[in-house]
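Have a look at the structure below, then the notes.
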Number of protein chains: 2
Amino acid sequence: MTLATTALVTIAQASATTGVSAKMIRHYESVGLIKPPVRTENRYRHYAESDLHDLGFIRRARDLGFSFEDIRQLLDLWRNKGRSSAEVKAIALRHIKELDEKASALAAMSRTLQTLAASCHGDKRPDCPILEALDRPVLTSPSAPLRGNP
Amino acid sequence: MTLATTALVTIAQASATTGVSAKMIRHYESVGLIKPPVRTENRYRHYAESDLHDLGFIRRARDLGFSFEDIRQLLDLWRNKGRSSAEVKAIALRHIKELDEKASALAAMSRTLQTLAASCHGDKRPDCPILEALDRPVLTSPSAPLRGNP
DNA sequence: ACATGGGTTCCCATCATGGGAAGGTCAAGG
DNA sequence: CCTTGACCTTCCCATGATGGGAACCCATGT
């Protein structure tokens, strides 16, 4: 009830307080992720506290790797007091799965390369198992147990 | 010495045998990653075995997450018989570091979200720690030891 | 002769982000 | 009053790797 005249701030100030670049703030507006803010006569954007909240929300969601589409849905859910937490959780769980899959893929690449790099002497000699692996197929064999002389 | 008339193949055949899409093959050519192949009078591209090798090399390098720039250097090193394996290994080690950093970042996001999701009941009730975390700052506190009633 | 299945070039889209140009606006200070 | 500098505005372009699709040319089989 305390209509506290919600101090309007410029886009640069909004950027500074939320950690979202001015460029991105305008972009979020253009793709409909946030509501167009009020404009002064000069056509300058001015953001109210609720706008700053949304921008902070978006930045934190992005820091967790959510896509624009996910964020759009999360923001809608946040605003919808009649939401069910199950909806939110479903989005989060799906995203966790995607994150884990990507991380696993990167880790697999890293492991393969580590194995190859470990057996590369890394000196002036030209022969190198890394290049050999790229040379011909049969790569991606992860823990190829070094049978030969155990 | 056996100049084996290196059976020239069309772009579709090259794509099929190397696993690189025709689209990408043309793209690699346009950015100078591979040499322009010979053309028949019809302007059709025709690939020799050495070209197929390069495409296979590129695909395997891409499967390991190397960037175009890295691949360019790796291909140059592969062709350069006077290379030192140290150069190859340096590229690989740098890339491993990048892969690990990205994987760690994703894993951190996943962990944070897993923690939040674990404490979200995920039913019809609207209150949800995930949304609460996005609501206000002080997220990214990983193992916030649940002091309160131990 | 015409259909089909390649090939070719060129443009556009993705996803999130930034760079930069060209121009309008405002406050402070000489 | 006018300049300077720091904002603001819009619009276009670029990234990296990949794909979609249009519009058009070519080759082969029935």
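Order of the sequence lines fixes the chain letters, A, B, ..., with proteins taken first and strands second; residue numbering starts at 1 for each chain.
Closest to the B:Phe68 side chain, of the nucleotides D:dC25, D:dC7, D:dA17, is D:dA17. Of the candidate nucleotides D:dT18, C:dG6, D:dT9, D:dT18 has the atom lying nearest to any side-chain atom of B:Met24. Among the nucleotides D:dT18, C:dG6, C:dT17, the one closest to any side-chain atom of A:His27 is C:dT17. Checking D:dA17, C:dG24, C:dC26 against every side-chain atom of A:Asn42, the shortest atom distance belongs to C:dC26. Comparing D:dC26, C:dT9, C:dA16 by their closest approach to the side chain of B:Tyr44 singles out D:dC26.
Rounded to whole Å, the distance from CG on A:Leu55 to P on C:dT17 is 13 Å. Rounded to an integer number of Å, the gap from A:Ile11 CD1 to C:dG24 C1' is 16 Å. A straight line from CD of B:Glu41 to C1' of C:dG6 spans 17 Å, rounded to a whole angstrom. The distance from atom CD of B:Glu29 to atom P of C:dG7 is 14 Å, rounded to the nearest whole Å. Atom NZ in A:Lys102 sits about 14 Å away from atom C1' in D:dA17, given to the nearest Å. Protein atom CZ of A:Arg26 is 13 Å distant from nucleotide atom C1' of C:dG20, rounded to whole Å. Between the CD atom of A:Gln13 and the C1' atom of D:dC8 there is a distance of 12 Å, rounded to whole Å. At whole-Å resolution of the value, CD1 in B:Ile25 and C1' in D:dG19 are 14 Å apart.
What you find for A:Arg62 and A:Tyr28 is that their closest heavy atoms are CD-OH, 3.4 Å.
For A:Arg43 and C:dG24, the shortest distance from a side-chain N or O to OP1 or OP2 is not below 4.0 Å. Dashed line: the shortest gap from a side-chain N or O of B:Thr10 to OP1 or OP2 of C:dG6 is not under 4.0 Å. Distances shown here put a side-chain N or O of A:Ser21 below 4.0 Å from the OP1 or OP2 atom of C:dG18. For A:Arg62, no side-chain nitrogen or oxygen approaches OP1 or OP2 of C:dC15 to under 4.0 Å. In this model, the phosphate group of D:dT18 is approached by a side-chain N or O of B:Tyr28 to a distance below 4.0 Å at OP1 or OP2. Within the 4.0 Å cut-off from OP1 or OP2 of D:dT10, at least one side-chain nitrogen or oxygen of A:Arg45 is found.
Using a 4.5 Å heavy-atom cutoff, the side chains of A:Pro36 and A:Glu29 are in contact. Between B:Lys23 and B:His27, every side-chain heavy-atom pair lies at or beyond the 4.5 Å cut-off. Between A:Leu106 and B:Asp100, the closest side-chain pair of non-hydrogen atoms is not below 4.5 Å. Looking at heavy atoms from C-beta onward, B:Glu49 lies out of side-chain contact with B:Leu8 at the 4.5 angstrom threshold. Within the 4.5 Å cutoff, the side chain of A:Tyr47 has heavy atoms near those of the A:Ile11 side chain.
Judged purely by distance below 3.5 Å, without hydrogens or angles, the side chains of A:Asp135 and B:His53 pair a donor atom with an acceptor atom. Using modelled atom types and a 3.5 Å distance limit, the side chains of A:Glu87 and A:Ser84 yield a donor-acceptor pair. Side chains of A:Ser110 and A:Gln114: a donor on one and an acceptor on the other come within 3.5 Å.
Salt-bridge annotation for A:Asp63 and A:Arg59: present, with a side-chain N of the basic residue lying under 4.0 Å from a carboxylate O of the acidic one.
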Would you tabulate the nitrogen or oxygen pairs shorter than 3.5 Å linking the protein to nucleotides 20-22 of chain D?
unit_1 : atom_1 : unit_2  : atom_2 : d
D:dG20 : N7     : B:Lys23 : NZ     : 3.2
D:dG20 : O6     : B:Lys23 : NZ     : 2.9
D:dG21 : O6     : B:Lys23 : NZ     : 2.2

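Listed in residue order, the members of residues 31-39 of chain A having a heavy atom less than 4.0 Å from DNA chain D are A:Arg39.
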